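Values below: every heavy atom of this structure, side chains too, minus hydrogens, waters and symmetry copies. Only a predicted model underlies this, so the values are computations on that prediction, with no experimental measurement involved.
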Amino acid sequence: MDPSEQDPAQGTPREYSDALYRVYFEVGEWQDIARDAITAFLVERSRDHPAFDFAPAALEVKAHGYEVDLPMQLIPEVVRALTERNVAIYQVVRLHAV
């Protein structure tokens, strides 16, 4: 049996499908820098990712971060966009498939 069939987490680095997942980013927010970084990055990426259509209103504000529906391969790229803006990231949680 393929190891990725036993443990779904082992297959995620190779997950390049168009499937969307609800993802929570817990961040240290200050003056909406995290929100602006996530929004700017996802608007730009949605232009060249045919299966991913992002509207800024889709970014859901939570008490300590944001939730958004993303393809798996964009999760590390959002983290990179946040770190480029010097935003502290406390956790990233893939909640469920959409």
Stepwise side-chain contact (heavy atoms from CB on, under 4.5 Å) check, Leu74 with Arg45: CA-CA 9 Å; Leu74 289 187; Arg45 280 305 304 240; 3.7 Å; yes
Smallest separation among heavy atoms of Phe25 and Ile75, with atom names: CE2-O, 4.3 Å
For residues Tyr21 and Ala97, report the shortest heavy-atom separation together with the two atoms involved. CD2-CA, 3.8 Å
In the single-linkage hydrophobic clustering (I, L, V, M, F, W, Y; side-chain heavy atoms under 4.5 Å), do [X] and [Y] co-cluster?
{"X": "Trp30", "Y": "Leu82", "value": "yes"}
{"X": "Val78", "Y": "Tyr90", "value": "no"}
{"X": "Val79", "Y": "Leu70", "value": "yes"}
{"X": "Leu20", "Y": "Val43", "value": "yes"}

Counting C-beta onward and ignoring hydrogens, is there a side-chain heavy-atom pair between Glu29 and Tyr66 closer than 4.5 Å?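 Answer yes - side chains close enough.
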Please step through side-chain contact (heavy atoms from CB on, under 4.5 Å) for the pair Gln91 and Tyr24, ending with a clear verdict. CA-CA 8 Å; Gln91 66 177 319; Tyr24 170 68; 4.2 Å; yes
Below 3.5 Å, can you tabulate the donor-acceptor pairs from side chains in residues 32-40 to any protein atom, sequence neighbours excluded?
unit_1: Asp32; atom_1: OD2; unit_2: Arg35; atom_2: NH1; d: 3.4
unit_1: Thr39; atom_1: OG1; unit_2: Arg35; atom_2: O; d: 2.9

Other residues, nucleotides, ligands: >12 heavy atoms within 6.0 Å of Asn86 CG: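 No, because the 6.0 Å sphere around CG of Asn86 holds 12 heavy atoms or fewer from other groups.
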Atom pairs and distances, donor-acceptor, side-chain atoms in residues 50-63, under 3.5 Å, two or more places apart:
unit_1: Glu60; atom_1: OE1; unit_2: Arg22; atom_2: NH2; d: 2.4
unit_1: Glu60; atom_1: OE2; unit_2: Lys62; atom_2: NZ; d: 2.8

Would you check, one step at a time, whether the test side-chain contact (heavy atoms from CB on, under 4.5 Å) holds for Val23 with Glu67? CA-CA 5 Å; Val23 181; Glu67 283 186 15; over 6 Å; no
